[in-house]
Amino acid sequence: IENGTYIKVKELVLDNCRSNDGKIEGLTDEFEELEFLSTINVGLTTVAHLPKLNKLKKLELSDNRISGGLEVLAAKCPKLTHLNLSGNKIKDLSTIEPLKELATLKSLDLFNCEVTNLNEYRDNVFNLLPQLTYLDGYDKDDKEAPDSDAEVYAEGLDDDEDDEDGEFEASRVLPSVSLKLPLAFGRWATFFSFFF
């Protein structure tokens, strides 16, 4: 991206791009305004290489192979409010214990992780992470969370919105600017920004 435009990007969707040794090519701490990052199914085994993203609020990491190392999130994403780790290899409560350092974390999704099979899973997670309001889309009283902005964006990002050449055209779904860059293994990533 030219002339520092990446600094203005607030939302970044890198779903289905491939990581290289746990790193996502092009994802750096120069995305200073980034508030939403989606890296669904990119082959991540760790979040250790995630850049420092001070303004990041929502992080989608579902359908990867993450099994630990979550202690870095408090330092790298101190304002995180929503974290989706569904479909990863999280097996026990000790793996998510470092998330208690994320004071602003309100929503955590661990759906399709082995940890959800533990006895009294929900009670134990809410006790371990008292700052949480929602776990797997429901609060302590089993009331469903209201739809989040991330879900609204995800619903608009379906395969029906592809161009003839297979590139997603964000302007059809959202009133925003779309920038396309080749990333890991020749896949395309779409950058969204409402800042322009």
Side-chain angles (χ1 to χ4, degrees), residues 10-17 19 24 34-48 50 53-161 173-174 190 192 194:
K10 290 186 180 251
E11 300 182 17
L12 180 58
V13 176
L14 299 171
D15 299 346
N16 301 309
C17 292
S19 63
I24 299 174
L34 200 61
E35 294 178 5
F36 175 83
L37 175 61
S38 184
T39 56
I40 297 171
N41 190 34
V42 299
L44 288 177
T45 57
T46 180
V47 291
L50 192 68
L53 300 168
N54 287 324
K55 293 187 178 183
L56 195 70
K57 294 178 182 176
K58 295 181 181 180
L59 180 57
E60 295 281 337
L61 293 167
S62 61
D63 299 325
N64 283 290
R65 298 184 310 252
I66 297 166
S67 60
L70 302 178
E71 58 278 349
V72 301
L73 289 177
K76 294 187 178 218
C77 308
K79 294 186 179 179
L80 206 57
T81 60
H82 295 74
L83 178 60
N84 187 341
L85 289 164
S86 61
N88 278 283
K89 299 190 177 289
I90 297 170
K91 297 179 181 179
D92 53 53
L93 294 174
S94 63
T95 304
I96 61 168
E97 188 172 2
L99 300 179
K100 65 184 174 186
E101 301 302 320
L102 287 166
T104 58
L105 187 65
K106 299 296 175 212
S107 178
L108 176 63
D109 193 339
L110 296 168
F111 181 74
N112 271 347
C113 291
E114 284 186 47
V115 69
T116 62
N117 297 325
L118 298 176
N119 290 333
E120 299 182 27
Y121 154 73
R122 289 183 55 77
D123 289 337
N124 288 330
V125 173
F126 277 118
N127 288 333
L128 181 65
L129 306 172
Q131 77 274 33
L132 279 187
T133 304
Y134 299 104
L135 175 62
D136 301 331
Y138 292 87
D139 68 10
K140 291 179 187 178
D141 299 321
D142 286 329
K143 292 181 183 169
E144 192 170 5
D147 287 343
S148 71
D149 292 341
E151 290 170 341
V152 171
Y153 294 128
E155 289 171 9
L157 301 176
D158 60 24
D159 292 335
D160 295 334
E161 298 295 332
V173 179
L174 303 170
T190 304
F192 299 100
F194 292 98

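Predicted, not measured: the structure shown is a model, and the values here were computed from it. In what follows, residues are counted from 1 in the order of the sequence shown.
- Scanning both residues, L56 and F36, for their nearest heavy atoms gives CD1-N, 3.7 Å.
- In terms of modelled atom types and a separation under 3.5 Å, the side chain of D109 and the main chain of D136 share no donor-acceptor contact.
- Salt-bridge check for D142 with R122: passed, with a basic side-chain N closer than 4.0 Å to an acidic carboxylate O.
- Under the rule for a side-chain hydrogen bond (donor to acceptor under 3.5 Å, both in side chains), the partners of N54 that lie at least two apart in sequence or sit in another chain are K52.
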Practice item. Go through L118 and N124 one step at a time and tell me if the side chain to side chain contact (heavy atoms under 4.5 Å, CB included) criterion holds. Key: CA-CA 9 Å; L118 298 176; N124 288 330; 5.8 Å; no

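- You'll find the side chain of L12 reaches within 4.5 Å of the side chain of L14, heavy atoms only.
- Heavy-atom contacts from other residues, nucleotides or ligands closer than 6.0 Å to NZ of K106 number more than 12.
- Side-chain N/O atoms of S86 and N112 include no donor and acceptor closer than 3.5 Å.
- In this structure, the side chain of Q131 engages the main chain of L102 through a donor-acceptor pair within 3.5 Å.
- One distance of note links CD of E35 with CG of L59; it measures 13.5 Å at 0.5 Å rounding.
- Of all heavy-atom pairs between F126 and Y138, the closest is CZ-O, 3.8 Å.
- The salt bridge (charged side-chain N to carboxylate O under 4.0 Å, His left out) search around K55 returns E33, not counting sequence neighbours.
- A distance of 5.0 Å separates NZ of K58 from NE2 of H82, quoted to the nearest 0.5 Å.
- Under the 3.5 Å distance criterion, the side-chain polar atoms of D92 are matched with a main-chain donor or acceptor of T95.
- Without hydrogens or angle criteria, N88 side chain to L85 main chain gives a donor-acceptor distance under 3.5 Å.
- Nearest heavy atom pair, residue K143 against residue Y134, reads O-CE2, 4.1 Å.
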Which donor-acceptor pairs under 3.5 Å do side chains of residues 64-75 form with protein atoms, sequence neighbours excluded?
from : atom 1 : to  : atom 2 : distance (Å)
N64  : OD1    : V42 : N      : 3.0
N64  : OD1    : G43 : N      : 2.9
N64  : OD1    : L44 : N      : 2.9
N64  : ND2    : T39 : O      : 2.9
N64  : ND2    : L61 : O      : 2.9
N64  : ND2    : S62 : O      : 3.3
R65  : NH2    : G43 : O      : 3.3

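- Between the CG atom of L37 and the NZ atom of K10 there is a distance of 15.0 Å, given to the nearest 0.5 Å.
- When all heavy atoms of K76 and V47 are compared, the closest pair comes out as CD-O, 4.5 Å.
- With sequence neighbours excluded, no residue forms a salt bridge (charged side-chain N to carboxylate O under 4.0 Å, His left out) with D141.
- When each of D63, N16, D15 is checked for a side-chain hydrogen bond (donor to acceptor under 3.5 Å, both in side chains) with N41, only N16 meets the rule.
- Using a 4.5 Å heavy-atom cutoff, the side chains of N84 and F111 are not in contact.
- The distance from the OG1 atom of T45 to the NZ atom of K89 is 11.0 Å, given to the nearest 0.5 Å.
- Counting only heavy atoms from C-beta outward, the side chains of E60 and I40 approach each other to under 4.5 Å.
- Taking both residues in full, the closest heavy atoms of L80 and T104 are given as O-OG1, 2.8 Å, listed atom of the first, atom of the second, then distance.
- Partners of S107 according to the side-chain hydrogen bond (donor to acceptor under 3.5 Å, both in side chains) rule, which considers only residues two or more places apart in sequence or in another chain, do not exist here.
- Under the salt bridge (charged side-chain N to carboxylate O under 4.0 Å, His left out) criterion, K100 pairs with E97, not counting sequence neighbours.
- No side-chain heavy atom of L105 sits under 4.5 Å from any side-chain heavy atom of T81.
- Of all heavy-atom pairs spanning T116 and L110, the tightest one is CG2-O, 3.2 Å.
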